[in-house]
Amino acid sequence: MDLQLGFFASHRGSNVAAILTAIERGDLDAQPKILICNNPDAPVLSLAQRKNIPAYCLNQKNTEQLDDVTLALLRDHGVNLVVLAGYLQKVGPQIISAYSNRMINIHPALLPKYGGKGMYSLKVHEAVIKSEDTESGATVHLVTAEYDEGRILAQYKVPRYVRDTAETLAERVLGVEHVLYPQTLREIQRGIILLDE
Ligand code: GRF
């Protein structure tokens, strides 16, 4: 599958950076077309600027109008796969339906565990620390209307150690996200992972 990527991100953008690096190194055959952000102070906006990727900050409340504008931008830029990377706003229903099976997300846990509404950032890792689990990891999945419930495309496990805090676990998981996300995109591009099933 030819990959024309549209990124949605809200903050740091280290996953976007990892994907762009893979493209620059020739490890991933894909074109970054656009970045949509909902936070005017997000460092990911400067990253897009440095990399000459058209970036749009849309920080209105979720409305049908916002969906229309976002969808028009994605279509104008020829996006055929939406890549959510730390996007902390619910994606509108029109976009989810227009990009059905064409929108993916990375979650910092081994879904279906530790997903759902309110499960983001350190909250995910705090929940793992409170559990008896001896491993955690990252999951790439399709996006549907329900938080973190779309089909799982790929996972990467990491150990959880007794001495871990939510912060140390978050750092270990983020490290594997940066490998897993570009790798999953590569497998989508090569037809090893199929989005339609
Ligand atoms: C990552 O942990 C990702 O799993 C989650 O949000 C975080 C984003 O980090 N969805 P970054 O902005 O890509 O650095």
Side-chain angles (χ1 to χ4, degrees), residues 5-24 27-28 30 32 34-51 53 55-59 81-91 95-96 99 103-129 133 135-160 164-186 188:
L5 307 178
F7 296 104
F8 281 41
S10 300
H11 288 288
R12 182 176 49 189
S14 67
N15 277 289
V16 176
I19 293 167
L20 296 178
T21 301
I23 294 172
E24 281 165 13
D27 291 339
L28 171 63
I34 187 175
L35 168 82
I36 304 280
C37 183
N38 63 329
N39 168 16
D41 301 320
V44 71
L45 286 170
S46 340
L47 170 70
Q49 200 179 17
R50 285 200 304 279
K51 302 286 182 183
I53 298 167
Y56 296 84
C57 186
L58 305 173
N59 63 344
L81 184 68
V82 173
V83 176
L84 305 188
Y87 187 63
L88 294 180
Q89 181 159 314
K90 201 164 177 28
V91 179
I95 305 171
I96 291 185
Y99 281 87
M103 187 181 306
I104 63 175
N105 180 45
I106 190 157
H107 185 78
L110 296 174
L111 290 175
K113 283 177 132 188
Y114 310 110
K117 195 168 191 307
M119 273 297 192
Y120 58 89
S121 306
L122 273 187
K123 292 186 185 168
V124 176
H125 306 292
E126 280 160 4
V128 177
I129 294 292
D133 293 3
E135 60 185 16
S136 187
T139 303
V140 178
H141 64 95
L142 286 171
V143 175
T144 61
E146 307 307 321
Y147 279 111
D148 304 322
E149 285 196 0
R151 180 161 60 88
I152 291 173
L153 301 175
Q155 289 187 312
Y156 196 142
K157 290 181 181 172
V158 300
R160 173 260 173 118
D164 266 332
T165 60
E167 287 78 8
T168 60
L169 184 59
E171 199 182 322
R172 190 172 312 119
V173 171
L174 189 66
V176 301
E177 288 182 42
H178 297 162
V179 178
L180 181 68
Y181 223 177
Q183 183 182 305
T184 305
L185 284 163
R186 189 163 50 243
I188 292 171

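We count ligands from 1, going down the list as the structure has it; atoms in each ligand are counted the same way. The shown structure was predicted, so the numbers you read here are calculated from the model rather than taken from an experiment.
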Provide the number and element of each atom of ligand 1 under 4.0 Å from a heavy atom of Pro108.
-> 2 (O), 4 (O)
Under 6.0 Å from the OH atom of Tyr147, do we count more than 12 heavy atoms belonging to anything else shown?
-> yes
Crowded around Glu171 CD? As in, over 12 foreign heavy atoms under 6.0 Å?
-> no
Quick one: does [X] get an N or O within less than 3.5 Å of an N or O on ligand 1?
{"X": "Leu174", "result": "no"}
{"X": "Glu177", "result": "yes"}
{"X": "Arg12", "result": "yes"}
{"X": "Ala85", "result": "no"}

State, yes or no, whether a side-chain contact exists between Ile23 and Pro182 at a heavy-atom distance under 4.5 Å.
-> no
Atom 5 (C) of ligand 1 [closest protein heavy-atom partner, distance rounded to 0.1 Å] = Ile106 O, 3.9 Å
Could you check atom 8 (C) of ligand 1 against the protein and tell me its nearest heavy-atom contact, residue, atom and distance included?
-> Gly86 CA, 3.6 Å
Any donor and acceptor pair, going by atom type alone, linking the side chain of [X] with main-chain N or O of [Y] inside 3.5 Å?
{"X": "Thr184", "Y": "Leu180", "value": "yes"}
{"X": "Asn39", "Y": "Ser10", "value": "yes"}
{"X": "Lys90", "Y": "Ala145", "value": "yes"}

For Gly13 and ligand 1, answer yes if some heavy atom of the residue is under 4.0 Å from a ligand atom, otherwise no.
-> yes
